[in-house]
Amino acid sequence: MASSTKMFALVDCNNFYVSCERAFQPALRQVPVVVLSNNDGCVISRSAEAKALGLKMGEPLFQARSLIEQHQVHVFSSNYALYGDMSHRVMSYLASQAPEMEIYSIDEAFLSLHGMGLLQPSLEGYAQQLRAQVLQRTHIPTCVGVAPTKTLAKLANRVAKKDARLDGVCHLDTDARRLWALEQVAVEDVWGVGRQYATKLHALGITTAAALARCSEAMARKHLGGVVGARLVRELQGSPCHRLAPSEDGTLKRQSIACTRTFGKPLTDFEDVMSAVAAFASRAAEKLRRQESAANVLTVFLSQNRFGPTPPPHTRSAQVTLALATSSTPELVRVARALLGRLWQPGLRYVKAGVVLDGFEVGEQKQLSLFTPDDSERAERLMQKLDALNARFGKNSVQVATALGAAGKQPGVWKGQQQCRTPAYTTDWNQLWTISC
DNA sequence: TCTGGGGTCCTAGGACCC
DNA sequence: TCTGGGGTCCTAGGACCC
């Protein structure tokens, strides 16, 4: 592996949601902190101190409660307005520091370091500079893995997080370092090895990333989902099979758009569930219009409690393919209502629902209507006005009546609790961070 | 009592066609 | 009795990711 080889860096924010909360409350440093999922259901981000106490990722709050109270762990509801904005700040800086970037998730980005070896005295120093600058600008700590493939960059990042001697950067620039790093990582922690594959690999006696990297292609194909497994092993061996995916600059078009939620409490009334489904369809339609697509396929699903006594299946879904692709909120809500009607069984307690849009047509590919061009143009103009109003006056200033629920009832009966949410410090004029002197 | 949400890619197999 | 072969398209479902 010469230094002129293409290299990838994976920059990963440490305990991102917790770090966002800490950025605005310095008193939270050094103490155990967790952030909860929607509805305050599960633990989804933990500080190092919280991990050390034995709090687990994805653990339900009611199970974690005794540990939390015993050690006075600070608990926060998730605050996506804040996290999204902080993510944007981190990503904007990173984008300015590399020729190409892929935003992989809210808290991770791959950078292409093609040619950087010539500009930088050492990639190690470059990576350290990235960490220092992100920390200074956003107060978010990060780790960086640098390697010749994306899978190895992920692995290097994991090693950098685990081994304090590395000071947050792991650079796999030689074969000896690659082999050393592979020995440090359990096979179930390799990017692309989930629960099913991990079980299978352990049964085959393959327990480390190093052992997986020594597998034959035939073996990988047979046990790890065909071509997916073959690529995984090759990447661990140092041959790149994945490039950066398009994602930056906000032009990425999703192939499917979903809006789904667990309700705050089980619902038994059709109109209550319908108000939720209408809100989900509206939100999905907004996302659809933002990427300038129209959907051909709409799916509604409805779930009962999968932890309860009801035998499976806990989820039923209904789908329709539209004669004409649309992104109109009222149209999608109307279709969603019909689908919900098909699914609805009175007397059942529903805990969750969702709307999924699929089968997109994009821009000029949109099918021309043979029938009522006036109507669809009018609908499009109406939606443009709606989006403009909501952009100006705030989310949901204008919405379809169905989403508000039945007349005379409290709107949003399906919504859950967010008992411990911090303010949207950075995105709402009414919730700005205040410093008292 | 209480258990998140939103995506991607790949494969197998059926329908259909010549 | 014997019942082709190869290609494409589509969908459902399984695996993975954060």
Side-chain angles (χ1 to χ4, degrees), chain A residues 10-13 15-17 34-45 56-66 68 75 77-80 83-84 87 102-110 150-151 154 157-158 188-201 220-232 235 241-242 245-247 252-266 280 283-284 287-288 291 296-297 299 301 303-309 313-315 317 319 321 349 351-360 415-419:
Chain A
L10 177 73
V11 183
D12 188 335
C13 301
N15 319 324
F16 182 59
Y17 299 161
V34 298
V35 173
L36 305 176
S37 65
N38 183 45
N39 256 341
D40 294 344
C42 296
V43 172
I44 55 168
S45 181
K56 296 194 192 74
M57 183 70 175
E59 192 177 12
L61 177 60
F62 73 90
Q63 281 172 13
R65 193 142 246 158
S66 67
I68 285 173
V75 178
S77 305
S78 40
N79 182 347
Y80 286 103
Y83 309 152
S87 172
E102 171 189 344
I103 297 174
Y104 180 66
S105 71
I106 194 166
D107 64 348
E108 277 174 272
F110 285 104
K150 290 172 86 175
T151 307
K154 286 283 279 186
N157 188 286
R158 175 169 278 276
E188 57 269 29
D189 294 330
V190 171
W191 190 40
V193 176
R195 257 216 329 267
Q196 307 294 325
Y197 291 168
T199 306
K200 223 185 260 189
L201 289 169
R221 277 184 187 271
K222 183 170 175 200
H223 296 287
L224 304 179
V227 67
V228 177
R231 291 203 279 242
L232 172 51
E235 284 243 322
C241 302
H242 301 293
S247 73
L252 176 70
K253 310 251 190 205
R254 300 264 168 225
Q255 296 172 30
S256 70
I257 288 174
C259 186
T260 72
R261 286 285 178 287
T262 301
F263 306 138
K265 58 178 187 205
F280 303 159
R283 177 83 189 101
K287 293 192 211 170
L288 186 63
Q291 67 163 42
N296 265 319
V297 178
T299 308
F301 74 78
S303 303
Q304 294 176 265
N305 185 1
R306 68 184 199 279
F307 301 99
H314 301 105
T315 298
S317 67
Q319 189 175 74
T321 301
R349 292 158 58 82
V351 301
K352 176 178 179 175
V355 171
V356 184
L357 303 178
D358 258 318
F360 297 160
K415 283 187 185 162
Q417 298 303 305
Q418 292 239 289
Q419 306 241 351

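Worth saying up front: this structure is predicted, and the values here are computed from it rather than measured. All values below were derived from every heavy atom in this structure, side-chain atoms included, with hydrogens, water molecules and symmetry-related copies excluded. Here is the naming used below: chain letters follow the sequence lines, and residue numbers restart at 1 for every chain.
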Subject >> C1' gap between C/dC18 and B/dC2, integer Å >> reply: 25 Å
Would you mind reading off the distance between [X] atom [atom1] and [N] atom [atom2], rounded to a whole angstrom?
X	N	atom1	atom2	answer
A/K265	B/dC2	NZ	P	13 Å
A/Q417	B/dC2	CD	P	14 Å
A/L232	C/dC16	CG	C1'	11 Å
A/D12	C/dC17	CG	P	14 Å
A/K150	C/dC18	NZ	P	12 Å
A/I106	C/dC17	CD1	P	19 Å
A/N157	C/dC18	CG	C1'	13 Å
A/W191	C/dC16	CH2	C1'	10 Å

**OP:** Name the residue closer to the 5' end of DNA chain B, choosing between A/L61 and A/V228 according to the nucleotide with the nearest heavy atom.
**Re:** A/L61
Nearest 0.5 Å, what's the [atom1]-[atom2] distance between [X] and [Y]?
X	Y	atom1	atom2	value
A/S87	A/Y80	OG	OH	12.0 Å
A/K415	A/K265	NZ	NZ	13.5 Å
A/N38	A/Q418	CG	CD	6.0 Å

**OP:** Determine, stepwise, if the pair A/K352 / A/F301 fulfils side chain to side chain contact (heavy atoms under 4.5 Å, CB included).
**Re:** CA-CA 8 Å; A/K352 176 178 179 175; A/F301 74 78; 4.1 Å; yes
Give one of base, sugar-phosphate or nothing for [X], where a contact means two heavy atoms less than 4.0 Å apart.
X	value
A/V35	nothing
A/D107	sugar-phosphate
A/V356	nothing

**OP:** Before giving the answer on side chain to side chain contact (heavy atoms under 4.5 Å, CB included), spell out for A/V35 and A/F16 the whole-Å C-alpha distance, their side-chain angles and the decisive distance to 0.1 Å.
**Re:** CA-CA 10 Å; A/V35 173; A/F16 182 59; over 6 Å; no
Subject >> Polar side-chain atom of A/T151 near backbone of A/L232 as donor-acceptor pair, under 3.5 Å >> reply: no
**OP:** Would you check if the side chain of A/K287 reaches a backbone N or O of A/A258 as a donor-acceptor pair within less than 3.5 Å?
**Re:** yes
Subject >> Close side-chain approach of A/N157 and A/E108, heavy atoms under 4.5 Å >> reply: no
Subject >> Heavy-atom neighbours of A/Q319 CD exceed 12 at 6.0 Å >> reply: yes
**OP:** Mind telling me whether A/F280 and A/F263 have parallel, tilted or perpendicular rings, with 30° and 60° as the class edges?
**Re:** parallel
**OP:** Sugar-phosphate means primed atoms, P, OP1 and OP2; the rest is base. With that split, encode nucleotides 9-15 of chain C 5' to 3' as B, S or - using protein heavy atoms under 4.0 Å.
**Re:** ------S
Original post:
Passes side chain to side chain contact (heavy atoms under 4.5 Å, CB included), A/K150 versus A/E102? Steps please.
Top reply: CA-CA 11 Å; A/K150 290 172 86 175; A/E102 171 189 344; 2.7 Å; yes
Subject >> Stem segments of DNA chain B by first residue number [Watson-Crick or G-U, under 3.5 Å, at least 3] >> reply: B:5-18 with C:5-18
Pick out the pairs of N or O atoms, protein on one side and nucleotides 4-8 of chain B on the other, that lie under 3.5 Å.
from: B/dG4; atom 1: O4'; to: A/S37; atom 2: OG; distance (Å): 2.9
from: B/dG5; atom 1: OP1; to: A/N38; atom 2: ND2; distance (Å): 2.8
from: B/dG5; atom 1: OP1; to: A/T262; atom 2: N; distance (Å): 2.6
from: B/dG5; atom 1: OP2; to: A/T262; atom 2: N; distance (Å): 3.3
from: B/dG5; atom 1: OP2; to: A/T262; atom 2: OG1; distance (Å): 2.8
from: B/dG5; atom 1: O3'; to: A/R261; atom 2: NH1; distance (Å): 3.1
from: B/dG6; atom 1: OP1; to: A/R261; atom 2: NH1; distance (Å): 2.9
from: B/dG6; atom 1: OP2; to: A/T260; atom 2: N; distance (Å): 2.5
from: B/dG6; atom 1: OP2; to: A/T260; atom 2: O; distance (Å): 2.8
from: B/dG6; atom 1: OP2; to: A/T260; atom 2: OG1; distance (Å): 2.5
from: B/dG7; atom 1: OP2; to: A/A258; atom 2: N; distance (Å): 2.7
from: B/dT8; atom 1: OP1; to: A/Q255; atom 2: N; distance (Å): 3.1
from: B/dT8; atom 1: OP2; to: A/S256; atom 2: OG; distance (Å): 3.3

**OP:** Give a yes/no verdict on a cation-pi contact between A/K253 and A/F360, requiring under 6.0 Å between NZ or CZ and the six-membered ring centre and an angle within 45° of the axis.
**Re:** no
